[in-house]
> 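This is the structure I want to talk about, given as structure tokens.
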Amino acid sequence: MLYRRLDAMRDHATKRLARALRETGGTPQARSQRDSATAMYREQVAQFDAVENGLCFGRLDFDDDRTAHVGRIGIFDESHGHRPLLLDWRSDAARPFYLATAAAPHGVTRRRHIRTNDRTVVHLDDEVLDLTAADPTGSTGLAGEATLFAALGAGRTGRMRDIVETIQAEQDRIIRSDVAGLLVVQGGPGTGKTAVALHRVAYLLYTHRRELSTRAVLVVGPNPTFLNYISQVLPSLAETGVLLRTPGDLFPGVTARRDEPAEVAEIKGRPVMIDVLAAAVADRQRLPDEPIEINVEQDTLRLDPATIADARTRARRSGKLHNLARPLFDTEIIHALAAQLAAKIGADPLGGDNLLDEADVAEIRRELRREPEVLATLDWLWPILSPQQLVAGLFASDARLAAAAPQLTTVERELLRREPRGGWSPADVPLLDEAAELLGEDATVEAVLAERERQRQIEYAEGALEIAMGSRSIDVEDEAEPELLAATDLLDADLLADRHEYGDQLTAAQRAAADRRWAFGHIVVDEAQELSPMAWRLLMRRTPNRSMTVVGDVAQTGDLGGTSSWAQVFEPYVADRWRLAELEVNYRTPAEIMSVAARLLADIDPTLTPPRSVRETGVPPWASRTAPGELPARLADVVTREADDVADGRLGVIVPAARLAELGRAVASAVPDAAVGDRSDLVNRVVVLTVRQAKGLEFDSVVVVEPAEIAAESPRGDSDLYVALTRATRRLGVVHSGELPAALADLADRPT
Ligand SMILES: Nc1ncnc2c1ncn2[C@@H]1O[C@H](COP(=O)(O)OP(=O)(O)OP(=O)(O)O)[C@@H](O)[C@H]1O
């Protein structure tokens, strides 16, 4: 019944989409309406496809004999007065499914978890919420325990799955917490912070659709591999139109992937960079010590430092940003030069008054504005700058660094020094943003943005076509649909992109991606502990209403510019007006592994409490020691055997950053389809990564190589090692040639 309705709904949306795509012409208003309809139907088709698996996963029986089914979307019976057939998991009516306990049953007498496979029910788990039947001492406090444990123990696929079937009460409260204000979710590894944050996005879009679909939601994650890992959670939660970005992608037109030493990134993330950049801008407003000579036709004009200083002061006093103040500076200089030239040309040979009138002088000014040497001088004295030019120019010059950053030590300035080529690093992005704020947007920057926007429209149009083409095959099987064939065949992506130019149906997320000044409706930041003060400054600009969900764990901070105190991060923006929610249950890491990680956590900071694991696997973590020269061969051997042990699951090999290439080769020689490094696709069975690349990820089995080296690679190396140890859902092993850190010293040898 439910699937019949789903098929009918999908059919309807597909046909409407095809019809909207086929129509052309009409008034701008008609086109705009059509564009909105296209976007809506396109989203609907994608949504119906995404909820196909596990459409209905729960049933509630109430004490007044009502029953309700809970699923991934809401479905209504239109032939019976819009009676709900399936409650959307985000609706208020579905909430008892997540909150009801024997002690507080919310009117529920039985909660049923339904597992389906390909539209067929394969398993049912019933919980009777009857206080008299409950065994309070044996209760774990977990809702839908059997289904939860089945989900937690299932093999990983390299893509994060949604958890709508088994959201726990503490998580539900966070997911549905008020949209307004800044919510910080602090929790140890595996407590579901990422899962909760993404489900919160889905919930907020459902509940505040109008506001958030026009303002868009930004989700910031640590690296492209991570974004890839979570990318399918949202569509499967039936949501699109959310912008996923790494911190390196937050400046339109720049994709910052350059690697740089951690200590350089740390300096760039300091708040002092605000003053450094302001000084760098001021430094580009030149004041020469000597007069400048400018040849204009037969005359030589002199621009002395006092005149330039005067023009500079007036332009600065205007309060305008650097690029926007340039016309004022020009006017002052041109006036001074014109007066000089007029004095020469119009001088009365008999010693009387100047022979030129005001109109003549105005004409001289006009001509001077076209003189190449005058223009070159103005450009030199007060150059129009893009943010990229300012920042690259600053780092490329010892003199500019010395002038702009006297607060930094010589060593720190040398660390910042680099040639302009080689691309941008993620830590440069907040500096570019700050520079843009100081400079004011310049026409060339706008032109680049416009072109990128057009490219995005083409990509979008291609996406719309793909959906129409995909849907076509569904329909063609049912009935010949000649109209639909004509619609897709006649349109190409360029044509659609042109149509979009005057339409406004680009999703808010797409427009937001191209607009540095976009104010998002809500921002979610994952692994938020890693962000520097400068990165927070950028994000706060993107959310003037401070509607944010920030998730992280201060015990996992690896970046030197990251934080160990949320209060410190948010004080400058909202003082103490932020809410803290804590997650304490570890759903990922079994108790055997967590007890090892907890020993390390105690060494990092004895006041931190490790999260409590919900399950045991009976498999103790192990260590395998080898001679230094034999490490690659031993690793290859261990990985081969571990990969067999996890069967269809995934194996993560976490290595010291300095040895990624060498050990990656060793693993790839033993397991040819292994992926290595930051471009890894996690669907590969074996993946070799550094800790930084493994942030936020998880694998069925994890092999950590040379833990002491990982810990020694950075001042926050112990936290890095803690992250590495907590990536496993089932098995953890350590391969080493050096001494083990104390917390790992008593690991058993690997069973052979
Ligand atoms: N209620 C739940 N039902 C089923 N699985 C869950 C639930 N909560 C969390 N999980 C699973 O636990 C694992 C860890 O979740 P997640 O990655 O969101 O944790 P995290 O707190 O972000 O971890 P880390 O800080 O280590 O990155 C994931 O596989 C997630 O699907």
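Numbers for residues simply follow the sequence, beginning at 1. First listed ligand is number 1; within each ligand, the first listed atom is number 1.
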> Considering only non-hydrogen protein atoms, determine which one is nearest to atom 8 (N) of ligand 1 and report residue, atom name and distance to 0.1 Å.
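Atom 8 (N) of ligand 1 sits closest to the protein heavy atom Q171 NE2, 3.0 Å.
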> Which atom pair, heavy atoms only, marks the closest approach of A197 to V524?
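Heavy atoms only, the tightest pair is CB-CG1, 3.7 Å.
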> Between D162 and R72, is there a salt bridge with N-O shorter than 4.0 Å?
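Salt bridge present between R72 and D162.
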> Charged N to carboxylate O under 4.0 angstrom, R692 versus D559?
yes
> Evaluate the ring-ring contact (aromatic ring centres under 6.0 Å, His included) criterion for residues F97 and H113: first the C-alpha distance (whole Å), next the side-chain angles of each, then the deciding distance (0.1 Å), finally the verdict.
CA-CA 9 Å; F97 188 74; H113 280 87; 4.9 Å; yes
> Indicate, as side chain, backbone, both or neither, the part of I167 found under 4.0 angstrom from ligand 1 when only non-hydrogen atoms are considered.
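Answer for I167: backbone.
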> Is there a side chain to side chain contact (heavy atoms under 4.5 Å, CB included) between R599 and D746 once you walk through the steps?
CA-CA 11 Å; R599 287 204 289 273; D746 56 3; 3.1 Å; yes
> Could you list which atoms of ligand 1 come closer than 4.0 Å to a heavy atom of R727?
24 (P), 26 (O), 27 (O)
> Could you say whether the N/O atoms of T726 and ligand 1 ever approach to under 3.5 Å?
no
> Give the atom numbers and elements of ligand 1 that come within less than 4.0 Å of a heavy atom of E527.
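Listed by number with element: 27 (O).
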> Can you check whether K193 has an N/O within less than 3.5 Å of an N/O in ligand 1?
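Yes: some nitrogen or oxygen of K193 is under 3.5 Å from one in ligand 1.
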> Indicate yes or no: does R112 engage D126 in a salt bridge with an N to O separation below 4.0 Å.
yes
> Starting from atom 29 (O) of ligand 1, which protein heavy atom do you reach first, and at what distance in Å?
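Closest protein heavy atom to atom 29 (O) of ligand 1: E698 OE2, 2.4 Å.
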> Of all the non-hydrogen atoms in the protein, which one sits nearest to atom 17 (O) of ligand 1, and at what distance?
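Answer, as residue, atom name and distance: R588 NH2, 3.1 Å.
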> Below 3.5 Å, N or O to N or O, backbone or side chain included: is there any such pair between I163 and ligand 1?
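No, since none of the N or O atoms of I163 sits under 3.5 Å from an N or O of ligand 1.
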> Of the listed options (A169, P222, G192), which comes nearest to atom 19 (O) of ligand 1 when hydrogens are ignored and any heavy atom counts?
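Among A169, P222, G192, the closest heavy atom to atom 19 (O) of ligand 1 belongs to G192.
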> List ligand 1 atoms under 4.0 Å from M160, heavy atoms only on the residue side.
16 (P), 17 (O), 18 (O)
> Using every non-hydrogen atom in the two residues, find where L129 and R111 come nearest and quote the distance to one decimal.
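In terms of heavy atoms, the two residues are closest at CD2-NH2, 4.0 Å.
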> Do the charged groups of E527 and K695 touch, with an N to O distance under 4.0 Å?
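Here E527 does not pair with K695 in a salt bridge, since their nearest N and O are not under 4.0 Å apart.
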> Any salt bridge linking K193 with E582? Criterion: basic side-chain nitrogen under 4.0 Å from a carboxylate oxygen.
no
> Indicate yes or no: does R731 engage D645 in a salt bridge with an N to O separation below 4.0 Å.
yes
> So is there a nitrogen or oxygen of D526 less than 3.5 Å from a nitrogen or oxygen in ligand 1?
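D526 vs ligand 1: no N/O contact under 3.5 Å.
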> Would you mind telling me if ligand 1 is within reach of the side chain of K695, the backbone, both or neither, using heavy atoms under 4.0 Å?
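The answer is neither; K695 stays 4.0 Å or more away.
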> Passes side chain to side chain contact (heavy atoms under 4.5 Å, CB included), V185 versus L583? Steps please.
CA-CA 7 Å; V185 183; L583 290 172; 3.8 Å; yes
> Regarding ligand 1, does R161 bring an N or O atom to under 3.5 Å of one of the ligand's N or O atoms?
no
> Would you mind listing which atoms of ligand 1 come within a distance below 4.0 Å of any non-hydrogen atom of A195?
18 (O)
> Give me the nearest non-hydrogen protein atom to atom 4 (C) of ligand 1 as residue plus atom name, then the distance to 0.1 Å.
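Sorting protein heavy atoms by distance from atom 4 (C) of ligand 1 puts T166 OG1, 3.1 Å first.
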> Parallel, tilted or perpendicular for W89 and Y98, by the 30°/60° rule?
perpendicular
> Quick one: which of Y229, Y587, Y98, F149 has a heavy atom closest to atom 10 (N) of ligand 1?
Y587
> As an exercise, identify every atom of ligand 1 less than 4.0 angstrom from a heavy atom of G188.
21 (O)
> Looking at ligand 1, would G696 count as a contact under a 4.0 Å heavy-atom criterion?
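True for this residue.
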> Please say whether G190 places an N or O atom under 3.5 Å from an N or O atom belonging to ligand 1.
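There is such a contact, yes.
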> Please could you name the atoms of ligand 1 that L148 approaches to less than 4.0 Å, counting only its heavy atoms?
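The list of qualifying atoms is 2 (C), 3 (N), 4 (C).
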> Are Q168 and L148 side-chain neighbours, meaning at least one heavy-atom pair lies under 4.5 Å?
yes
